[in-house]
Amino acid sequence: MSEPTTEPDGTSGSGLAAERARRQGEVDDLRASGGQPYPYRFDRTHTLGEVRDRWGQLEPGTETDDAATIAGRVVLKRDSGKLIFATLRDRTGELQLFISKAVVGDDAFDTIKRLDLGDWVGASGTVMTTRKGELSLKVSELMLLAKSIRPLPDKWHGLTDQDTRFRQRYADLIVNDEARRAIEIRHAVVASFRRTLDDAGFTEVETPVLHAEAGGAHARPFVTHHNTLDVDLYLRIALELHLKRLIVGGMERVYEMGRIFRNEGISTRHNPEFTMMELYQAFADWTDIMDITERLITEANVAAIGSTELTLRGETVDLSEPWPRSSMIDLASAAAGRQIHPSDPVDDLRSLAAEFDVRVEPAWGGGRLVAEIFEATSEAGLVRPTFVTGHPTEISPLARVDRNDPWLTERFELYIDGREIANGYSELNDPVEQRARFVEEQAAKEAGDAERGTVDEDYLRALEYGMPPTGGLGIGIDRLAATIAGVDTLKEVILFPTLRPEVW
RNA sequence: GCCUCUCUAGCUCAAUGGUAGAGCAGUGGACUUUUAAUCCAUUGGUUCAGGGUUCGAGCCCCUGGGGAGGCACCA
């Protein structure tokens, strides 16, 4: 992080300061001779990809009269005297410029010779291939579109330092194809979700980010302050409670894809701000929601990588095959070697938890203990997409109780590659029961569990107007995108991941 | 928050406790079909910061800082 903060003194030496000074000098020279180093606009006739699509089949050594005007960044330059080859890149690909002194003239050739790696240029000419068959634009005219006064990272190795990659994402994106690919996959997932949901009759909505109380999940919130109202507000930790208010309002099918914020640690699987897609569908229950979860993710995978197949830890899974559904208590029981249930004596479950090195709190009941045992024993092994169902009521304050077992809820979580990707349930819509659950949450919070919830009176008021039977779903977009992209950290699919502020 | 690892030229990386180096980029030169072009020459360093040990520290020790991985946290 030892960037010079003062202006370089001149052209002595050849460190970064000198390099920037030299390139700035090129800008100054160009201006002095009436040129424009940063012109306002440029009209191209083809992207580089379009040139390749249209003329990519030319035989080696072909000259055409086909004209094209293109634009891109100079990423490689090969100067062989009276010929210059420059590789241009735009977002669609790369194309070589073939620049001959005899074609452009001595003055223009000398100017082109002074281009630096990183400069943006526009070029007009005719399409050709070299003797070796490289598709090229034989340049007749070239203009600088924007000068780069800072040198690009190594043309072959790119950037490898994680810190620099994520702090200077712009440089990372310039030189690392893989960085661009992961972001494109993320976009494909997001766009696919919107298509799937729009086709299924869902309305996309936006609800507040600033909340008077942070509900809908168990997490510690960020606190902020509104000056003129003079109230503390929380950044939302979930979308859930506002979206269900819209179901009360009769919107029937709504979804939101938005940023949520949780004040917790940073890891390969966690970023303090991340993107959640939540949907709510009236008249549906959790089984419908599992179906739409499969559809959303399978279609996103196809959109992102062109196949229903996904490779996880070296093994290929076909997402078009039905996804296994296993109940949490069955999984925990299998791991425990005996049948367990949240209704079991708490002491028994507590000692069982201890066998698996689960840290337990005195306030935890049987439901929380069963869930903790499941997480400790089974979660990491759920590689292929698996619905884990029937979460204990104790840890599911917004989910509807299982119609056959009051200790459990009609809830599921989807695990892929050992990671929790989605969460859904039949929504609790009885305002009396919801109030009782909220009261329990608040009691736990007041007893010291900072992540528990509060009684949201306005939400209860909404429920009192009547919420139809509803199924709801939340999918972590970042985790899903990282899984589909096959990258090992969320940071790869988050353009600007949270980092400690840089010291200048 | 804890543990481990890591930080050397703009970038990618070397360097038994003994004169800080290479490739790329840059600069000067040669070259009209290159492909990470090639060839010749060459500039560039507060080795993250500050202390300490030592005749001598990029290297060993301490403190601090950035980052990564793991743990904790994250229903």
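By convention in this document, chain letters (A, B, ...) are assigned in the order of the sequence lines, proteins followed by strands, and residues within each chain are numbered from 1.
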Please tell me if A/Arg359 has a side-chain N or O lying less than 4.0 Å from either OP1 or OP2 of B/A72.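 So the side chain of A/Arg359 is outside the cut-off, no N or O lying under 4.0 Å from OP1 or OP2 of B/A72.
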From the options [options], select the nucleotide whose nearest atom is closest to the side chain of [X].
X	options	value
A/Thr160	B/C13, B/G67, B/U27	B/C13
A/Lys132	B/U33, B/G67, B/U34	B/U34
A/Ser80	B/A37, B/C11, B/A68	B/A37
A/Phe98	B/G67, B/C73, B/U33	B/U33
A/Ser136	B/U34, B/G69, B/G67	B/U34
A/Gln162	B/G67, B/C73, B/C24	B/G67
A/Leu117	B/A36, B/A25, B/G66	B/A25
A/Leu159	B/U12, B/C73, B/G26	B/U12
A/Pro151	B/U32, B/G10, B/U34	B/G10
A/Pro153	B/C11, B/A68, B/G10	B/C11

Gap in Å between the two [atom1] atoms, one belonging to [N] and one to [M], rounded:
N	M	atom1	answer
B/A37	B/A30	C1'	14 Å
B/U42	B/C60	P	34 Å
B/G44	B/G21	P	12 Å
B/U8	B/U46	C1'	12 Å
B/C61	B/G18	P	16 Å
B/G51	B/C59	P	14 Å
B/G10	B/G70	P	31 Å
B/C2	B/U63	P	12 Å

Looking across every strand, which nucleic acid part, if any, lies under 4.0 Å from [X] by heavy atom: base, sugar-phosphate, or nothing?
X	value
A/Lys491	sugar-phosphate
A/Thr268	sugar-phosphate
A/Ala371	nothing
A/Arg411	base
A/Arg368	sugar-phosphate
A/Leu76	sugar-phosphate
A/Leu152	nothing
A/Ala102	base
A/Glu394	nothing
A/Gly61	nothing
A/Lys155	sugar-phosphate
A/Phe166	nothing

Go through the N and O atoms of the side chain of A/Asp161 and the base of B/G67, and report whether any donor-acceptor pair is under 3.5 Å.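 Not at all, since no donor on one side and acceptor on the other fall under 3.5 Å apart.
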Would the base of B/U33 count as contacting A/Glu134 through its side chain, where contact means a donor and an acceptor less than 3.5 Å apart?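 No, the side chain and the base share no sub-3.5 Å donor-acceptor pair.
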Distance, nearest 0.5 Å, that separates OG of A/Ser426 from CG of A/Leu398: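 Spacing of OG (A/Ser426) from CG (A/Leu398) equals 13.0 Å.
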Kindly compute the distance separating CG (A/Asp402) from CZ (A/Arg411), expressed to the nearest 0.5 Å.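 Answer for the CG-CZ pair, A/Asp402 versus A/Arg411, is 13.5 Å.
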Looking at [N], which nucleotide sits across from it as a Watson-Crick or G-U wobble partner, both distances under 3.5 angstrom, or is there none?
N	result
B/U42	B/G26
B/U33	none
B/C71	B/G1
B/C13	B/G21
B/C60	B/G52

Against A/Glu410, only a single residue in A/Arg400, A/His391, A/Arg403 fulfils side-chain hydrogen bond (donor to acceptor under 3.5 Å, both in side chains); can you say which?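 Between A/Glu410 and the candidates, side-chain hydrogen bond (donor to acceptor under 3.5 Å, both in side chains) is satisfied uniquely by A/Arg403.
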What is the separation between atom [atom1] on [X] and atom [atom2] on [N], rounded to the nearest whole Å?
X	N	atom1	atom2	result
A/Arg78	B/U32	CZ	C1'	14 Å
A/His157	B/U12	NE2	C1'	5 Å
A/Leu135	B/U33	CG	C1'	14 Å
A/Lys101	B/U34	NZ	C1'	17 Å
A/Asp79	B/G26	CG	P	10 Å
A/Arg500	B/C7	CZ	P	20 Å
A/Leu115	B/A25	CG	P	16 Å
A/Asn176	B/C11	CG	P	14 Å

Ring pair (Phe, Tyr, Trp, His ring centres under 6.0 Å) partner of A/Tyr415, the single match among A/Trp323, A/Phe374, A/Phe387: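 Exactly one candidate clears the test, A/Phe374.
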Earlier contact from the 5' end, RNA chain B, for A/Gln96 and A/Lys77: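 With A/Lys77 and A/Gln96 compared, the 5'-side residue is A/Gln96.
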Can you find a pair of side-chain heavy atoms, one from A/Ile84 and one from A/Lys113, that are under 4.5 Å apart?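 When only atoms from C-beta onward are counted, A/Lys113 and A/Ile84 do touch, with a gap below 4.5 Å.
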Aromatic plane relationship, A/His341 with A/Trp407 - under 30° parallel, 30 to 60° tilted, over 60° perpendicular: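 Geometry flag for A/His341 against A/Trp407: perpendicular rings.
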Proximity of A/Phe85 and A/Phe98 rings by center, below 6.0 Å: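 Yes, ring centres under 6.0 Å apart.
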More than 12 non-hydrogen atoms from neighbouring residues, nucleotides or ligands closer than 6.0 Å to CZ on A/Arg350, yes or no?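 It does: A/Arg350 CZ has more than 12 such atoms within range.
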Within a reach of under 6.0 Å around CZ of A/Phe261, are more than 12 heavy atoms found that belong to other residues, nucleotides or ligands?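 More than 12 within 6.0 Å, yes.
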